[in-house]
Amino acid sequence: MRSPCLSALPFFLAALAGCSVYHPLRNGVGFTDTPVGPDSYQITYVGPEDMPIAESRDYALLRAAELAALRDDPYFQILNEQGYVSQGMQYWPGEDVTYFGGFAGRWHRYPVVYHAWAPGYFEPYTVPQYTLTVRVTPQPLANVVPANYLIQRAADEHIKLSPGVLEKSRGMPTAVPATMPATQP
């Protein structure tokens, strides 16, 4: 039986392998987390330019799994989620390329200055941002996500996790609880 939260995760982390964009927010890319209750967090992941919004969601889910493991809670439940893609334009200015040449006449050499103009252009870009509100829980409630499932997949894909997460996740369940209702992906 699969949780609706896990239905989009079969490809989870496959595209994330080898990337170094999973880290706390710096230079406009990475995750932030803010406690919003005794067992709840708001997690925001901002991706680099042109990252798919689904991939930024995967990173936000991974951070939720890390927070659950760091609190010794094997599960987290998604209370709210919101994706946002900002769009912009980057202007690349044109340039005047100057080079020198010349030609030879019958008795003299004549210098010539050539100019070539490379026009500027606009390049569109997108920046994804995904925000989750999650509740970490020790109980296998309805629609929970096992934190260790995501952590082990990230470790298998060699994604650098936060310090202590992998050690704390050992022994936690990796499967969706059997008490979950059947859902269609």
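Just so you know, residue 1 is the first one in the sequence shown, and it goes up from there. Here the structure is a predicted model, which is why all the values come from computation and not from measurement.
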Asker: Just so I know, are the side chains of Thr126 and Asp50 near enough to count as touching, which here means a heavy-atom distance under 4.5 Å?
Answerer: yes

Asker: If you compare all heavy atoms of Ala154 against all heavy atoms of Leu161, which two are closest, and at what distance to 0.1 Å?
Answerer: CB-CD2, 3.8 Å

Asker: Ignoring hydrogens and geometry, is there a side-chain-to-backbone donor-acceptor pair from Gln77 to Thr137 under 3.5 Å?
Answerer: no

Asker: Going by heavy atoms in the side chains, are Met51 and Tyr59 under 4.5 Å from each other?
Answerer: yes

Asker: With heavy-atom distances below 4.5 Å as the criterion, would you say the side chains of Ser86 and Tyr84 are in contact?
Answerer: yes

Asker: Cluster partners of Tyr91, using ILVMFWY side-chain heavy atoms under 4.5 angstrom, listed by chain and number?
Answerer: Met89, Phe122

Asker: Is it the case that atom CD in Glu123 sees more than 12 heavy atoms from other parts of the structure closer than 6.0 Å?
Answerer: yes

Asker: Distance from Leu62 atom CG to Glu157 atom CD, nearest 0.5 Å?
Answerer: 11.5 Å

Asker: Measure the shortest side-chain to side-chain distance between Lys168 and Ile151 over non-hydrogen atoms and say whether it is less than 4.5 angstrom.
Answerer: no

Asker: Heavy atoms only: give me the nearest Pro48-Val21 pair and the separation to one decimal.
Answerer: CG-CG1, 3.9 Å

Asker: What pairs with Tyr130 under ring pair (Phe, Tyr, Trp, His ring centres under 6.0 Å), at least two apart in sequence or on another chain?
Answerer: none

Asker: Any idea which heavy atoms bring Ser56 and Pro128 closest together, and the distance?
Answerer: OG-CB, 3.7 Å

Asker: Output the distance between atom OH (Tyr45) and atom CG (Leu25), rounded to the nearest 0.5 Å.
Answerer: 9.5 Å

Asker: To the nearest 0.5 Å, how far apart are CG in Leu67 and CD1 in Ile43?
Answerer: 5.0 Å

Asker: Ignoring hydrogens, what is the shortest heavy-atom contact between Tyr22 and Lys160? Give both atom names and the distance.
Answerer: CD2-O, 3.6 Å

Asker: Can you measure from OG1 (Thr131) to CZ (Phe31) and round to the nearest 0.5 angstrom?
Answerer: 14.0 Å

Asker: Remaining members of Met172's ILVMFWY cluster at a side-chain heavy-atom cut-off under 4.5 Å?
Answerer: none

Asker: Less than 4.5 Å apart, side chain to side chain, heavy atoms only: is that true for Arg63 and Ser162?
Answerer: yes

Asker: Could you check whether any side-chain heavy atom of Ser169 comes within less than 4.5 Å of a side-chain heavy atom of Gln152, counting everything from C-beta outward?
Answerer: yes

Asker: As an exercise, state the distance from CG of Leu132 to CZ of Arg57, rounded to the nearest 0.5 Å.
Answerer: 7.0 Å

Asker: Can you hop from Leu61 to Val36 via hydrophobic side chains spaced under 4.5 Å?
Answerer: no

Asker: Is there side-chain contact between Leu150 and Phe76, with at least one heavy-atom pair below 4.5 Å?
Answerer: yes

Asker: With respect to Ser40, which candidate in Val134, Leu79, Thr34 satisfies the side-chain contact (heavy atoms from CB on, under 4.5 Å) definition?
Answerer: Leu79

Asker: Please find the pair of heavy atoms, one from Gly28 and one from Val46, that lie closest to each other, and give the distance.
Answerer: O-CG1, 3.3 Å

Asker: Take atom CG of Asn27 as the centre, draw a 6.0 Å sphere, and report whether it contains more than 12 heavy atoms from other residues, nucleotides or ligands.
Answerer: no

Asker: Could you grab the distance from atom CD1 of Ile78 to atom CZ of Arg135, nearest 0.5 Å is fine?
Answerer: 12.5 Å

